[in-house]
Amino acid sequence: MVEKPVMVKLKRIERENERHRTYYFEFDKASKAKPGQFLMVWLPEIDEKPISLSKISEKEIGITVQCKGKWSESICSIPEGKQIGVRGPYGNGYSTEGIKSAIIVAGGCGTAPIRPLVDKCIADGIETRLVMGAQNKSGLLFESEMKEKLGDNLYITTDDGSAGTKGFTTTVLGEQIAKEKPEMVFSCGPEIMLKAVLGMCEKAGVKCQLSLERYMRCGFGVCGQCAMNELLICKDGPIFSGEVLAKSSEFGNIARLKSGLEVSLKEYADWRQC
Amino acid sequence: MVEKPVMVKLKRIERENERHRTYYFEFDKASKAKPGQFLMVWLPEIDEKPISLSKISEKEIGITVQCKGKWSESICSIPEGKQIGVRGPYGNGYSTEGIKSAIIVAGGCGTAPIRPLVDKCIADGIETRLVMGAQNKSGLLFESEMKEKLGDNLYITTDDGSAGTKGFTTTVLGEQIAKEKPEMVFSCGPEIMLKAVLGMCEKAGVKCQLSLERYMRCGFGVCGQCAMNELLICKDGPIFSGEVLAKSSEFGNIARLKSGLEVSLKEYADWRQC
Amino acid sequence: MEIEFCGIKMKNPTVLASGILGVNAELLKRVAREGAGAVTMKSIGPKEKQGHSNPTVLEWEHGLINAVGLPSPGYKNMENEFKQLEDCESPVIVSIYGASIEEFEKVTEGIVGYEPSIIEINISCPNTKKEGQIFGCNAETAAEVVEAVNKIAGKIKVMPKLTPQANNIAEIARSCEKAGANAICAINTLGPGMLIDADARKPVLANKFGGVSGPAIKPIALRCVYQIYEAVSIPILGMGGITNGTDAIEMMMAGATAVGMGTATHYRGINAFKLVADEMQHWMKEHNVENIGELVGVVHD
Amino acid sequence: MEIEFCGIKMKNPTVLASGILGVNAELLKRVAREGAGAVTMKSIGPKEKQGHSNPTVLEWEHGLINAVGLPSPGYKNMENEFKQLEDCESPVIVSIYGASIEEFEKVTEGIVGYEPSIIEINISCPNTKKEGQIFGCNAETAAEVVEAVNKIAGKIKVMPKLTPQANNIAEIARSCEKAGANAICAINTLGPGMLIDADARKPVLANKFGGVSGPAIKPIALRCVYQIYEAVSIPILGMGGITNGTDAIEMMMAGATAVGMGTATHYRGINAFKLVADEMQHWMKEHNVENIGELVGVVHD
Ligand SMILES: Cc1cc2nc3c(=O)[nH]c(=O)nc-3n(C[C@H](O)[C@H](O)[C@H](O)COP(=O)(O)O)c2cc1C
Ligand SMILES: Cc1cc2nc3c(=O)[nH]c(=O)nc-3n(C[C@H](O)[C@H](O)[C@H](O)COP(=O)(O)O)c2cc1C
Ligand code: FES
Ligand code: FES
């Protein structure tokens with residue numbers, strides 16, 4: 001259980017769409033991970049990044065990456081059969097215990113950790129609706145797989161209307177809560193979206209679990225880099241309940257750059273952009 | 001299983017005779033030790049010495065010390081209730097497997113490891129004779145206990161005749177082998193005696209296991225200090241079969257001082273004297 | 001378990017080490033709430049600094065290794081944190097670093113107004129080129145830094161943090177004491193060390209080298225504190241590999257008045273401080289020790 | 001798995017480190033038989049020396065700690081051992097120490113006639129006052145010792161053994177190379193460190209301080225070897241914390257041509273050498289490496 005990278009061979013690489021790839025490999029330590037947990041993924045001499053598990057099974061583990069920066073462009077150029085370094089799984093993961101009905105809201109590459117969550121909800125017999133959004137059709141992830149698994153319970157939105165309903169996921173979330181209040185809302189996506197999701201849930205009196213993101217170093221709760229107020233995203237999170245987030249002055253507002261400098265979420269997002 | 005001393009409380013101290021004391025304490029790691037194994041016994045700021053287990057049980061562990069030098073005089077002055085440091089057990093111990101009859105030969109403070117060996121032989125249903133010798137009556141150890149356990153199978157010798165037969169243990173050993181050949185001879189005592197025991201066993205065609213002694217440092221086979229030819233007394237021994245010893249040019253001849261200097265056994269014994 | 005450490009009252013002898021968790025005021029307050037007798041902020045530098053790229057913090061079989069590289073928002077950007085620290089339930093130690101005497105002076109000037117309980121002078125970081133160890137391996141330069149900081153610090157206590165890489169740590173401590181240090185902190189991470197991944201055929205840390213902490217370094221830390229205790233009469237904040245109550249007691253016996261912990265939070269959680277303080281108390285009861293202060297330096301008797 | 005180390009042929013890259021088992025010829029031959037590619041004798045001094053009192057060698061949670069204190073019969077009393085070593089199946093390295101250049105010279109003169117494969121110059125023992133580290137922490141004195149020994153050694157190869165306590169081990173290695181060293185051995189034990197027993201309220205080693213070896217020091221050893229490799233072109237005998245095949249491969253990747261092991265014999269038995277050599281071979285097969293030499297220094301690419 002030593003937290004240093006293990007090199008694993010990329011068994012299979014799937015092109016999800018223009019900008020997203022899913023990488024499959026064997027990594028026993030993650031075979032019983034919870035949806036929402038993440039790995040630190042090391043590309044030697046490039047960088048190491050926290051990446052959510054987008055596939056959890058005994059047979060194989062998957063991660064889905066948006067190709068856009070130095071690290072992610074690098075991983076996109078690695079061919080099948082080559083190795084990457086992984087350590088983890090880290091974080092707490094979503095909790096589905098005792099829940100009978102849920103709405104899941106996924107935004108952009110936030111859909112990655114939602115995939116194993118959907119599997120888990122179905123396995124647990126939870127009545128599940130999924131609202132999945134992206135800027136445009138080509139940004140959608142796992143569309144056909146989700147359609148297959150959820151049928152009419154899948155609701156798609158795009159900012160430009162190139163697929164599904166034109167507009168934001170939160171609009172559909174509002175409609176769905178109004179139609180039938182779920183016991184829990186699960187969500188992952190841009191923090192600005194999560195903030196809106198929290199607001200709607202609070203108003204409707206529905207519990208929620210939201211997945212957050214901050215720049216990380218250790219990933220296991222030592223360095224403090226990922227702090228949001230007194231919370232460590234890597235260890236206390238990345239999944240937080242709405243109750244906890246409602247008390248956080250930094251949620252939706254403030255994040256830390258690599259130096260530890262506190263900046264507005266907007267400035268952080270410009271630096272970060274995922 | 002880390003080989004550093006553990007402080008244990010001296011529960012009980014028994015005065016065996018003028019010069020020998022037995023110390024009892026609890027030390028779980030040794031509760032399943034084999035007769036012939038030893039502990040490294042640490043007296044803070046004094047020294048650390050290898051000492052055989054003279055009592056092995058779930059309830060308590062015992063060691064028997066001859067008071068004569070700096071370290072042993074120190075332990076003799078420690079009152080009940082105080083602590084000493086122990087690590088181990090070390091070494092291989094005597095093997096009683098598959099044996100039906102045995103003669104045990106104990107010389108001087110070599111009687112210490114023989115005590116648990118007698119218990120083991122009895123428990124294993126081995127037909128056991130014990131030849132126990134010392135310079136004089138006051139040097140004998142565990143006499144009444146052995147008498148009780150072995151009855152007529154106990155043979156005592158003293159150099160000066162102050163108890164038992166006057167003479168050497170080896171004389172009695174010869175008689176006993178002649179009377180009825182045992183499957184195994186076990187022995188512990190001065191190396192000169194052990195050398196004689198080996199000679200008699202070889203001549204009579206009887207197997208033997210002899211317990212040796214050398215100056216030690218680590219006690220667990222790393223430093224090489226206790227070497228006798230290519231053997232490590234602390235780890236390959238301290239119990240060796242007659243076959244192995246017969247091939248050793250140093251057995252009965254040569255030992256190493258603290259510096260590693262090879263000297264005659266006599267010179268070593270003068271330095272060592274136990 | 002209350003102690004006094006160079007005039008500062010602490011509810012127990014455990015102290016959060018610098019660079020662990022302490023990036024913001026709220027985490028420091030959380031650690032104080034979870035039992036730490038005092039808390040240390042992550043070392044603050046003269047200007048904004050990114051630190052090294054990832055991987056920066058890794059576990060290995062016997063501890064952690066890190067090359068975070070002293071990231072800092074810079075002392076000018078930390079007003080917000082200092083203000084929020086006013087109601088911290090435990091004393092706050094502010095750790096500072098610089099690449100020159102002038103930088104140390106600048107940072108001290110910038111933070112002294114917030115009146116931390118102690119200013120820790122980090123002259124011992126093994127994973128940056130310009131800051132750190134170069135000051136801590138030489139008795140004269142170490143003393144110069146202490147003297148410079150001390151002048152500006154006024155009545156605020158100053159405590160240089162030393163490196164085990166120094167060839168004569170006792171001499172360096174003595175020289176710092178003469179230069180006005182009110183306490184000594186020892187040790188910073190050991191090394192640097194290096195991890196290599198055989199499959200990747202590469203060093204694992206992006207910086208290649210990093211400071212080693214945790215259980216592996218305890219014997220070195222004990223020796224350093226033992227030697228410093230013989231050399232100075234100011235109190236020592238001892239750290240390096242402490243993970244349980246017995247470790248802490250050993251460190252105090254070697255000569256530490258208070259004990260720091262960093263890596264332990266990985267093995268035992270943020271409440272490591274409460275756990276260790278409880279274990280120390282348990283040990284004291286078992287051994288009929290009334291006052292923890294009795295144990296400081298006893299192995300020297 | 002055959003390699004050549006500064007002209008010496010070895011059946012595999014594993015070497016018995018000095019001070020472990022190697023007190024007499026027969027044990028050295030046993031270790032050679034149990035698989036070691038080369039064996040090193042316990043360091044030999046100028047005269048008979050008792051070493052420290054017990055406890056001298058202890059295990060702790062992450063390795064060993066020892067303060068044996070360089071006991072030695074003295075080079076004059078070792079003729080018997082040298083004679084018996086003539087039929088050792090692996091090359092024999094003779095390790096020597098001294099408290100002055102003159103002592104190093106005397107010992108070299110005394111043993112050079114026995115034509116060991118390599119003379120290892122121990123300038124790095126951390127648990128004696130007069131011998132050891134004082135020579136190994138300074139580039140000039142290190143070079144002086146190497147030069148003096150080298151002059152007497154003639155065609156016999158000489159290999160100084162360095163300490164991780166040196167503040168710039170690369171510089172020391174470079175300076176030894178210039179002074180005529182044919183190889184570098186790194187590292188000797190780390191520290192010194194110290195164990196304290198809380199119940200006894202005492203340091204456990206009679207000498208209080210001792211050198212730390214085994215798994216705990218591997219990251220430090222890897223860093224030292226890495227840095228030395230960048231500084232010199234003579235081969236390196238890398239050691240410190242190697243216990244299995246992967247450790248050995250990592251050490252070679254850092255820059256070692258051969259790998260020493262001492263503490264591993266405690267964890268894995270005297271046949272540690274065969275076990276580790278087998279594991280290395282297994283690793284090579286799995287990774288399609290034909291020649292172990294390909295791996296030397298690869299992390300530097
Ligand atoms: C991730 C990490 C970051 C650290 N950052 C700093 C730092 O910024 N300043 C400093 O003085 N020490 C720093 N240290 C050293 C610790 O304060 C402490 O001296 C060292 O880790 C030994 O204690 P430990 O074994 O309890 O962790 C850091 C240690 C770790 C593990
Ligand atoms: C008990 C013991 C005795 C040692 N004696 C010597 C010695 O006499 N000369 C020497 O150069 N190194 C000596 N060393 C250091 C080892 O040769 C080696 O450099 C060190 O232990 C690191 O390797 P390891 O981790 O594989 O043990 C000794 C080490 C131990 C554990
Ligand atoms: S990334 Fe280090 S504490 Fe979260
Ligand atoms: S005493 Fe160290 S090897 Fe036997």
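Numbered from 1 within each chain, the chains take letters A, B, ... in sequence-line order.
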Chain A heavy atoms under 4.5 Å from [X]: which part of the residue, side chain, backbone, both or neither?
X         : value
Asn80(C)  : side chain
Ile65(C)  : neither
Leu28(C)  : neither
Ala200(C) : both
Asp199(C) : both

Does a salt bridge link Arg256(A) with Glu81(C), judged by any charged N lying under 4.0 Å from a carboxylate O?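 Salt bridge present between Arg256(A) and Glu81(C).
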
Between Arg87(A) and Glu59(C) (salt bridge meaning N to carboxylate O under 4.0 Å), is one present in this structure?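 Here Arg87(A) does not pair with Glu59(C) in a salt bridge, since their nearest N and O are not under 4.0 Å apart.
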
For the backbone of Met216(A) and the side chain of Asn54(C), can you confirm whether one donor and one acceptor N or O come within less than 3.5 Å of each other?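 Here the side-chain-to-backbone pair exists.
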
For Leu232(A), is it the side chain, the backbone, both, or neither that has a heavy atom closer than 4.5 Å to a heavy atom of chain C?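 Its backbone and side chain both get close to chain C.
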
Find the one option among Ile46(A), Asn229(A), Asp47(A) whose heavy-atom pairs under 4.5 Å with chain C are most numerous.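 Between Ile46(A), Asn229(A), Asp47(A), the count favours Asn229(A).
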
For chain C, which candidate among Met40(A), Lys235(A), Glu45(A), Gln83(A) shows the most heavy-atom pairs at distances under 4.5 Å?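 Among the listed options, the one with the most contacts to chain C is Glu45(A).
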
For Cys218(A) versus Val57(C), what's the shortest heavy-atom pair and its separation?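 Closest pair (atom of Cys218(A), atom of Val57(C), distance): CB-CB, 3.6 Å.
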
Least distance between heavy atoms, Pro5(A) atom then Leu58(C) atom: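 Nearest heavy atoms, Pro5(A) then Leu58(C): CD-CD2, 3.8 Å.
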
